[in-house]
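First the structure, in the form of structure tokens, and then the observations on it.
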Amino acid sequence: MERARQEYDRYGRERERMVEEQLVRRGIVDERVLAAMRRVPRHVFVEEALRDRAYGDHPLPIGEQQTISQPYIVGMMTQLLALSGTEKVLEVGTGSGYQTAVLAELAGRVCSIERVPALAARARSLLEGLGYSNVWIRLSNGTLGWPDEAPFDRILVTAGTPAVPPPLFEQLAEGGRMVVPVGDSLNQTLTLVQNVGGSMRVTPHGDCMFVKLLGKYAWET
């Protein structure tokens, strides 16, 4: 018990340092986002051998040629969603489940799509073990969205795409917000897409680099 408490305290201090040095100092100001990232134990979403690096200012591999995003990017993308607590959110690319957990802290319902069976199974197990009961994970092609659950108040895409997949915008509610990396395979722009009267309003928010979004409306597999 004492060892577990010491480990919790150690990672708690690292989370606090991560939030203050990587998020607050770079302009993440949404207090709900900061609080969520103080709570979610990022280290459990990476391999045990990498846990000492879990709160560093960088992405980390999670297997299957995928990564867990840099904490600042998670904070920025989440802040751009402007969540109040009641929204239904679609996440495209569950990955490790870390971003999913942050969303679950801040939204009413999270529907997350993952194309890699091993990642989907691991993320589902972790999220259930952490007590998140407002998350649903589907094994599917993320570029098609989740029509049965549409419309979504918010959509978050955690992989780079050459353009906004039309099915995702079609599933975005009027007044809704989507955050998606748009660009080529090596460099993208973090993009806020808003549904304004059925039209797409696009606002760029800086350069980023994500793994490819694979599927019919992005890069074909």
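- Residues E31 and V33 are not in side-chain contact: their nearest non-hydrogen atoms beyond the backbone lie 4.5 Å or more apart.
- Here the shortest heavy-atom pairing between G160 and F210 reads N-CB, 3.5 Å.
- Between E91 and T100, the side chains place a donor N or O and an acceptor N or O closer than 3.5 Å (distance only, hydrogens not considered).
- With respect to the salt-bridge test (charged N to carboxylate O, under 4.0 angstrom), the residues E105 and R32 do not qualify.
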Item to check | Audit row: F152, M178, side chain to side chain contact (heavy atoms under 4.5 Å, CB included) steps and yes/no | outcome: CA-CA 9 Å; F152 296 95; M178 180 193 313; over 6 Å; no

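- A donor-acceptor pair under 3.5 Å links the side-chain atoms of E114 to the main chain of G95, judged by distance alone.
- A donor-acceptor contact shorter than 3.5 Å is absent between the side chain of D30 and the backbone of Q79.
- The structure places CG of L168 at 8.0 Å from OG1 of T161, a figure rounded to the nearest 0.5 Å.
- Checking side-chain atoms of K88 against main-chain N and O of E149 turns up a donor-acceptor pair under 3.5 Å.
- M200 CE: more than 12 foreign heavy atoms inside a 6.0 Å radius.
- Put simply, the side chain of T94 does not reach to within 4.5 Å of the side chain of I113, judged on heavy atoms.
- With L103 as reference, L81 is the one residue of V135, L81, L90 to meet the side-chain contact (heavy atoms from CB on, under 4.5 Å) rule.
- Here the side chains of Q194 and L172 are not in contact, with every heavy-atom distance at 4.5 Å or above.
- Between R15 and V40, the closest heavy-atom pair is CD-O, 3.1 Å.
- At a threshold of 4.5 Å between side-chain heavy atoms, the hydrophobic network of Ile, Leu, Val, Met, Phe, Trp and Tyr places L119 and L139 in two separate groups.
- Looking only at distances, no side-chain donor or acceptor of T67 sits under 3.5 Å from a matching main-chain atom of S69.
- Residues I62 and F45 are not in side-chain contact: their nearest non-hydrogen atoms beyond the backbone lie 4.5 Å or more apart.
- A heavy-atom distance below 4.5 Å is found between the side chains of P165 and L213.
- For the pair S112 and V89, the minimum side-chain heavy-atom distance is 4.5 Å or more.
- Hydrophobic clustering, with ILVMFWY side chains joined whenever heavy atoms are under 4.5 angstrom apart, groups L83 together with M76.
- Under the 4.5 Å side-chain heavy-atom criterion for grouping Ile, Leu, Val, Met, Phe, Trp and Tyr, V211 is not connected to L190 through any hydrophobic cluster.
- Smallest separation of non-hydrogen atoms from T158 and G93: OG1-O, 2.8 Å.
- Considering every non-hydrogen atom in both C208 and T189, the closest pair reads SG-C, 4.0 Å.
- A distance-only check finds a donor-acceptor pair linking the side chain of R124 to the backbone of I137 [under 3.5 Å].
- Hydrophobic clustering, with ILVMFWY side chains joined whenever heavy atoms are under 4.5 angstrom apart, keeps W219 apart from V182.
- Taking CE of M18 as the reference point, atom CD of Q70 lies at 11.0 Å (rounded to 0.5 Å).
- Taking OG of S96 as the start and CZ of R42 as the end, the distance is 7.5 Å to the nearest 0.5 Å.
- Counting non-hydrogen atoms of other residues, nucleotides and ligands closer than 6.0 Å to CZ of R201 gives a total of 12 or fewer.
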Next on the checklist: Using side chain to side chain contact (heavy atoms under 4.5 Å, CB included), reason through T78 and Q99 one step at a time and then give a plain yes or no.
Outcome noted: CA-CA 8 Å; T78 307; Q99 173 75 81; 3.0 Å; yes

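- For the residue pair Y55/R17, the side-chain donor-acceptor check at 3.5 Å is not satisfied.
- Here E21 contributes atom CD and E14 contributes atom CD; the two are 11.0 Å apart, rounded to the nearest 0.5 Å.
- Residues Y98 and M37 have side chains in contact (heavy-atom distance under 4.5 Å, counting atoms from C-beta outward).
- A distance-only check finds a donor-acceptor pair linking the side chain of Q188 to the backbone of D184 [under 3.5 Å].
- Atom CG of residue D57 and atom OH of residue Y72 lie 10.5 Å apart, to the nearest 0.5 angstrom.
- Remark: side-chain polar atoms of Q171 are paired, donor with acceptor, to backbone N or O of L144 under 3.5 angstrom.
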Checklist entry - Checking side chain to side chain contact (heavy atoms under 4.5 Å, CB included) for the pair L156/V92: CA distance, chi angles, key distance, verdict? => result CA-CA 6 Å; L156 182 66; V92 177; over 6 Å; no

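- The shortest distance between side-chain heavy atoms of R115 and L214 falls below 4.5 Å.
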Next on the checklist: Set out, in order, the CA-CA distance, both residues' side-chain angles and the distance that settles side chain to side chain contact (heavy atoms under 4.5 Å, CB included) for W146 and S140, then state yes or no.
Outcome noted: CA-CA 9 Å; W146 197 326; S140 183; over 6 Å; no

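- If you run salt bridge (Lys or Arg N to Asp or Glu O under 4.0 Å) between E20 and each of R26, R25, R38, R13, only R38 comes through.
- Note on D148 versus R138: salt bridge recorded, some NZ/NE/NH1/NH2 to OD/OE distance being below 4.0 Å.
- Side chain of E87 to backbone of G85: a donor-acceptor contact under 3.5 angstrom is found.
- Formation of a donor-acceptor pair under 3.5 Å by the S125 side chain with backbone atoms of A121 is not found in this model.
- For the atom pair CZ of R39 and CG of L34, the computed distance is 10.5 Å after rounding to the nearest 0.5 Å.
- When all heavy atoms are compared, the tightest approach of L60 to A54 is CD1-CA, 3.9 Å.
- The cluster map of Ile, Leu, Val, Met, Phe, Trp and Tyr, joined by side-chain heavy atoms under 4.5 Å apart, puts F169 and V196 in different clusters.
- For the pair R122 (side chain) and P117 (backbone), a donor-acceptor distance under 3.5 Å is absent.
- Heavy-atom minimum distance, A82 versus R177: CB-NE, 3.9 Å.
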